[in-house]
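The figures that follow rest on heavy atoms only: side chains count, while hydrogens, waters and symmetry mates do not.
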Amino acid sequence: MASFDPEATVRILNKHGVRYVVIGGMAAQLHDLPVPATVDIDVTPAHDRKNLERLATAFDELEAGLYSVDGGATWFPRRPVENWAQYASLNLMTKFGPVDIVFRPDGAANGFADVLRNAEKSMLGEEPVLVIATATWVALKQAAGRQKDIEHLDRYFQHLDS
């Protein structure tokens, strides 16, 4: 598996002008929420064709491939973007570690427009990023309802009560 370097990942996204919002575990870390460290970065990009083309160019530089069971990557066609942009999400392995592209997170039916609404400016190392607001993070976790999401919410609410 590639060494995880989320700052390098967002540096490339920023370099290519990709419009996106950081969600998931990395958002929790940027907000200093009491959840375990994440092993990937989840982003919700704008879904317009121009942004998808910029994202495909970033994928080229990131050497992105579909995440495989063995922790490696399987090549996927980056163009035309319609080939992969039709999916709700893509689990990728890049030269800087795992990246999940989540076009429509649970609880955000309009994808980028929904997560952008209350997004906040932050820094991931030296790189500027937009990150979902804590309230949005909670709403997405509640909507997903997976066991790990429930555990993260329990930790978060226990922390608020203490």
Side-chain angles (χ1 to χ4, degrees), residues 1-47 51 55 58-59 61-73 87-162:
M1 186 162 103
S3 178
F4 184 49
D5 187 348
E7 182 179 355
T9 299
V10 300
R11 183 177 302 112
I12 290 173
L13 295 175
N14 291 345
K15 171 184 169 184
H16 293 287
V18 177
R19 294 180 11 254
Y20 66 94
V21 176
V22 175
I23 65 171
M26 187 58 59
Q29 284 183 230
L30 290 169
H31 286 300
D32 201 26
L33 301 182
V35 297
T38 188
V39 297
D40 65 2
I41 182 168
D42 302 328
V43 299
T44 297
H47 207 259
N51 198 59
L55 185 58
F59 287 167
E61 188 169 346
L62 288 166
E63 301 172 12
L66 294 175
Y67 193 82
S68 62
V69 177
D70 65 0
Y87 299 103
S89 64
L90 293 170
N91 302 103
L92 304 174
M93 178 55 72
T94 74
K95 65 183 180 181
F96 299 119
V99 177
D100 291 341
I101 304 296
V102 187
F103 293 114
R104 288 179 299 281
D106 291 329
N110 296 312
F112 180 75
D114 287 347
V115 298
L116 180 64
R117 189 167 297 119
N118 297 314
E120 302 169 2
K121 292 179 181 179
S122 187
M123 297 294 288
L124 181 54
E126 297 293 318
E127 288 296 317
V129 294
L130 286 176
V131 60
I132 57 172
T134 301
T136 305
W137 179 84
V138 169
L140 296 182
K141 289 286 186 181
Q142 289 171 329
R146 299 170 299 187
Q147 184 61 38
K148 75 174 189 173
D149 297 310
I150 293 166
E151 290 169 8
H152 291 174
L153 288 170
D154 287 346
R155 281 180 168 207
Y156 171 69
F157 289 124
Q158 287 172 3
H159 176 74
L160 287 181
D161 291 340
S162 59

Can I get a per-line list of side-chain donor-acceptor pairs under 3.5 Å for residues 126-136, giving both atom names and the distance, sequence neighbours left out?
residue	atom	partner	partner atom	Å
Glu127	OE1	Asn14	ND2	3.0
Glu127	OE2	Arg11	NE	3.4

Q. Please walk me through it: do Phe112 and Asn110 pass side chain to side chain contact (heavy atoms under 4.5 Å, CB included)?
A. CA-CA 6 Å; Phe112 180 75; Asn110 296 312; over 6 Å; no
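- Side-chain atoms of Asp114 come within 3.5 Å of backbone N or O of Ala109 as a donor-acceptor pair.
- Atoms OH and CG, on Tyr20 and Leu55 in that order, are 11.0 Å from each other to the nearest 0.5 Å.
- In terms of heavy-atom proximity, Asn51 sits nearest to Gly17 at OD1-O, 3.9 Å.
- Side-chain contact between Met93 and Glu63 is absent, with no heavy atoms from C-beta onward closer than 4.5 Å.
- Within a 6.0 Å radius of CG in Asp154, other residues, nucleotides and ligands contribute more than 12 heavy atoms.
- More than 12 heavy atoms of other residues, nucleotides or ligands lie within 6.0 Å of CZ in Phe157, so this atom counts as buried by the packing criterion.
- Here the OG-CE distance, from Ser122 to Met26, works out to 10.5 Å after rounding to the nearest 0.5 Å.
- Annotation for Gly111 and Pro105: closest pair CA-CD, 4.1 Å, computed over non-hydrogen atoms.
- Contact record, Thr94 with Ala64: CG2-CB, 4.0 Å, taken as the closest heavy-atom pair.
- With rounding to the nearest 0.5 Å, the separation of CG in Asp100 from CD1 in Ile23 is 8.5 Å.
- Rounding to the nearest 0.5 Å gives a distance of 13.0 Å between CG of Leu13 and CZ of Arg19.
- When the ring-ring contact (aromatic ring centres under 6.0 Å, His included) test is applied to His152, no partner is found at least two apart in sequence or on another chain.
- Proximity of a side-chain donor or acceptor of Lys95 to a complementary backbone N or O of Glu61 within less than 3.5 Å is detected.
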Worksheet item: How far apart are the C-alpha atoms of Trp137 and Leu153, what are their side-chain angles, what is the distance that settles it, and do they pass the side chain to side chain contact (heavy atoms under 4.5 Å, CB included) test?
Response: CA-CA 9 Å; Trp137 179 84; Leu153 288 170; 4.1 Å; yes
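- Two residues are said to be in side-chain contact when any heavy atoms from C-beta on lie closer than 4.5 Å; Pro98 and Phe4 meet this criterion.
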List the atom pairs, donor and acceptor, that lie under 3.5 Å between side-chain atoms in residues 34-44 and the rest of the protein, sequence neighbours left out.
residue	atom	partner	partner atom	Å
Thr38	OG1	Asp40	N	3.4
Thr38	OG1	Asp40	O	3.1
Thr38	OG1	Asp40	OD1	3.1
Thr44	OG1	Val102	O	2.9

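- Taking 4.5 Å as the limit, some side-chain heavy atom of Leu92 sits within range of a side-chain heavy atom of Leu66.
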Note to self: Under the criterion side chain to side chain contact (heavy atoms under 4.5 Å, CB included), I'd like the reasoning laid out for Tyr67 against Leu90: C-alpha separation, chi angles, the key distance, then a yes or no.
What the structure shows: CA-CA 8 Å; Tyr67 193 82; Leu90 293 170; over 6 Å; no
